[in-house]
Number of protein chains: 2
Amino acid sequence: MTSTEAQDDTAARSTVRPTRQRRAVAAALAGLDDFRSAQEIHDLISQQGGSVGLATVYRTLAALAEAGEVDMLRNEDGEAVWRSCSDAHHHHLVCRTCGATVEVEGPAVERWTSAIAREHGYADLSHTLEIFGTCPRCV
Amino acid sequence: MTSTEAQDDTAARSTVRPTRQRRAVAAALAGLDDFRSAQEIHDLISQQGGSVGLATVYRTLAALAEAGEVDMLRNEDGEAVWRSCSDAHHHHLVCRTCGATVEVEGPAVERWTSAIAREHGYADLSHTLEIFGTCPRCV
DNA sequence: TGGCAGTTGAGAATCATTGTCAAATCATCT
DNA sequence: AGATGATTTGACAATGATTCTCAACTGCCA
Ligand SMILES: [Zn+2]
Ligand SMILES: [Zn+2]
Ligand SMILES: [Zn+2]
Ligand SMILES: [Zn+2]
């Protein structure tokens, strides 16, 4: 996950309805512990008898990520994958085979990145830090 | 950049010719200090009177990255961008506006990621760590 | 100079992601 | 309930980056 959060959203007036589709996506994510692509989440919902358009899955995932409800990162192939995580800022140790994830925290790393960036005069920071590997179950 | 390097390449017999196209791509990279997309590098070569097919630019960049000659990372939009860097393993502080880059090293971070991963039984590791921001010149 | 593996480029093909827009839903107010 | 207006959805088109295809071309070396 990145460290910058989109907060403003000038049109803070708009209602966000908890529709059947959005509940389905949220439920699918809640039932998972791994990072999954939009396509996989879409398929999962279908397999469970649900029916949500792929575009809606993308829109919902984007909204959830925007709201900080889920984390999105790009796997080694550049594809976006999502997962519902804890609230606190953290990073991930992800199995590149099955997506199994471990949330990790590194206060020292956070401080280090800020210091480095500031030192070089960079502002409006964000950072990505993900560890990929093969989990014990995937040999 | 990631920490794993592709080494084997079973067909280690193949010759790698220093063609006009490959030289053009290498030269373009040498004349840059920022991370750029394949398209940008392609355009740059064209502007300087050169002519190299976009597919060849992609192929050459992939080969150079494979050989460790250049670093490839994905910007916040998920696009792949390349840059010729120093040999040692390092990470980057990148301006999300102009691509201006500062190479950074963090031995402590390297140790930390390895420890965390090992601790959870993950093998065959690699990691990504990039810091994005707005450089001094881009306000 | 011939032969050939390695290379190239134009264009098609993939594929993830986003845009379009009419139809469907929902919330609210008579 | 019925009307009304905003929000949401989904089928499908459109993008855009990256890869694939394959016939033509080239660098190398006997
Ligand atoms: Zn696994
Ligand atoms: Zn962090
Ligand atoms: Zn800049
Ligand atoms: Zn590192």
Side-chain angles (χ1 to χ4, degrees), chain A residues 6 9-29 35-46 49-67 69-83 96 99, chain B residues 6 9-29 35-46 49-67 69-83 96 99:
Chain A
D9 198 307
T10 13
R13 213 60 36 223
S14 63
T15 326
V16 178
R17 301 177 191 159
T19 64
R20 170 178 64 76
Q21 291 83 342
R22 294 206 246 242
R23 267 191 291 270
V25 172
L29 285 169
F35 270 95
R36 299 298 180 84
S37 68
Q39 184 66 67
E40 290 176 321
I41 293 171
H42 174 264
D43 292 348
L44 188 59
I45 293 174
S46 299
S51 176
V52 179
L54 181 57
T56 298
V57 171
Y58 269 105
R59 282 186 291 240
T60 302
L61 288 172
L64 288 173
E66 184 84 359
E69 301 285 321
V70 305
D71 279 1
M72 182 273 264
L73 62 84
R74 292 185 181 276
N75 62 25
E76 291 180 320
D77 293 327
E79 282 184 310
V81 286
W82 288 266
R83 174 179 187 266
R96 70 167 68 82
Chain B
D9 200 308
T10 10
R13 214 60 36 224
S14 62
T15 324
V16 178
R17 300 177 192 160
T19 64
R20 170 178 64 75
Q21 291 84 344
R22 287 181 212 196
R23 267 191 292 271
V25 173
L29 286 168
F35 271 94
R36 298 298 180 83
S37 69
Q39 186 66 66
E40 289 175 321
I41 292 171
H42 174 263
D43 293 348
L44 188 58
I45 293 174
S46 299
S51 175
V52 179
L54 180 57
T56 297
V57 171
Y58 270 105
R59 283 187 289 240
T60 302
L61 288 171
L64 288 172
E66 184 84 358
E69 300 285 321
V70 305
D71 279 0
M72 181 272 263
L73 63 85
R74 292 184 180 278
N75 62 26
E76 291 180 321
D77 293 327
E79 282 184 311
V81 287
W82 288 266
R83 174 179 188 266
R96 70 168 68 81

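Order of the sequence lines fixes the chain letters, A, B, ..., with proteins taken first and strands second; residue numbering starts at 1 for each chain.
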For this session: Check whether the side chain of A:Arg59 and the base of D:dG10 form a donor-acceptor pair under 3.5 Å.
Result: yes
For this session: Using a heavy-atom cut-off of under 4.0 Å over every strand shown, decide if A:Ser51 touches base, sugar-phosphate, or nothing.
Result: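 Here A:Ser51 touches the backbone only, sparing every base.
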For this session: Remember a base hit wins even if backbone is also touched, and classify B:Ala80 as base, sugar-phosphate or nothing at under 4.0 Å, heavy atoms.
Result: sugar-phosphate
Shortest non-hydrogen separation from [X] to [Y] and the atoms involved:
X: A:Leu54; Y: A:Ala38; result: CD1-O, 4.1 Å
X: A:Asp71; Y: A:Phe35; result: O-CE2, 3.6 Å
X: A:Trp82; Y: A:Ala65; result: NE1-CB, 4.3 Å
X: B:Met72; Y: B:Ala80; result: SD-CB, 4.0 Å

Counting side-chain heavy atoms from CB outward, which of [options] is closest to [X]?
X: B:Thr19; options: D:dG10, C:dG11, C:dT7; value: C:dT7
X: A:Tyr58; options: C:dG19, D:dC20, C:dT17; value: C:dT17
X: B:Arg20; options: C:dG9, C:dT7, D:dC12; value: C:dG9

Nucleotide [N], atom [atom2] - distance to [atom1] of [X] in whole Å:
X: A:Ile45; N: D:dT9; atom1: CD1; atom2: C1'; value: 13 Å
X: A:Ile41; N: C:dA16; atom1: CD1; atom2: C1'; value: 14 Å
X: A:Asp43; N: C:dA16; atom1: CG; atom2: C1'; value: 14 Å
X: A:Leu61; N: C:dT17; atom1: CG; atom2: C1'; value: 12 Å
X: A:Leu54; N: D:dT9; atom1: CG; atom2: C1'; value: 13 Å
X: A:Arg22; N: C:dA24; atom1: CZ; atom2: P; value: 19 Å
X: A:Met72; N: C:dT17; atom1: CE; atom2: P; value: 8 Å
X: A:Glu40; N: C:dA16; atom1: CD; atom2: C1'; value: 13 Å

Exercise. Atom CD in B:Glu76, atom CZ in A:Arg74: separation rounded to 0.5 Å?
Worked result: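 So the gap between those two atoms works out to 10.0 Å.
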Exercise. Bend across the helix from C:dT1-D:dA30 to C:dT30-D:dA1, to 10°, with axes taken over 5 pairs at each end?
Worked result: 20°
Exercise. Mapping A:Thr60 and B:Pro18 onto DNA chain D by nearest heavy atom, which one lands closer to the 5' end?
Worked result: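 Nearest-nucleotide comparison on DNA chain D picks A:Thr60.
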Problem set entry | Earlier contact from the 5' end, DNA chain D, for A:Val57 and B:Ala55 |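 Looking at DNA chain D, the more 5' nearest nucleotide goes with A:Val57.
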Exercise. Between A:Gln39 and C:dA16, does any side-chain N or O lie under 4.0 Å from OP1 or OP2?
Worked result: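 So the side chain of A:Gln39 is outside the cut-off, no N or O lying under 4.0 Å from OP1 or OP2 of C:dA16.
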Exercise. Looking at B:Gln21, does any N or O in its side chain come under 4.0 Å of the phosphate oxygens OP1/OP2 on C:dG9?
Worked result: yes
For this session: Test B:Asn75 against B:Arg96 for side-chain contact (heavy atoms from CB on, under 4.5 Å), laying out the working first.
Result: CA-CA 8 Å; B:Asn75 62 26; B:Arg96 70 168 68 81; over 6 Å; no
Exercise. A:His42 side chain to A:Val52 main-chain N or O, any donor-acceptor pair under 3.5 Å?
Worked result: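 Yes.
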Exercise. Looking at A:Leu44, A:Thr19, A:Ile45, which one forms a side-chain contact (heavy atoms from CB on, under 4.5 Å) with A:Val25?
Worked result: A:Ile45
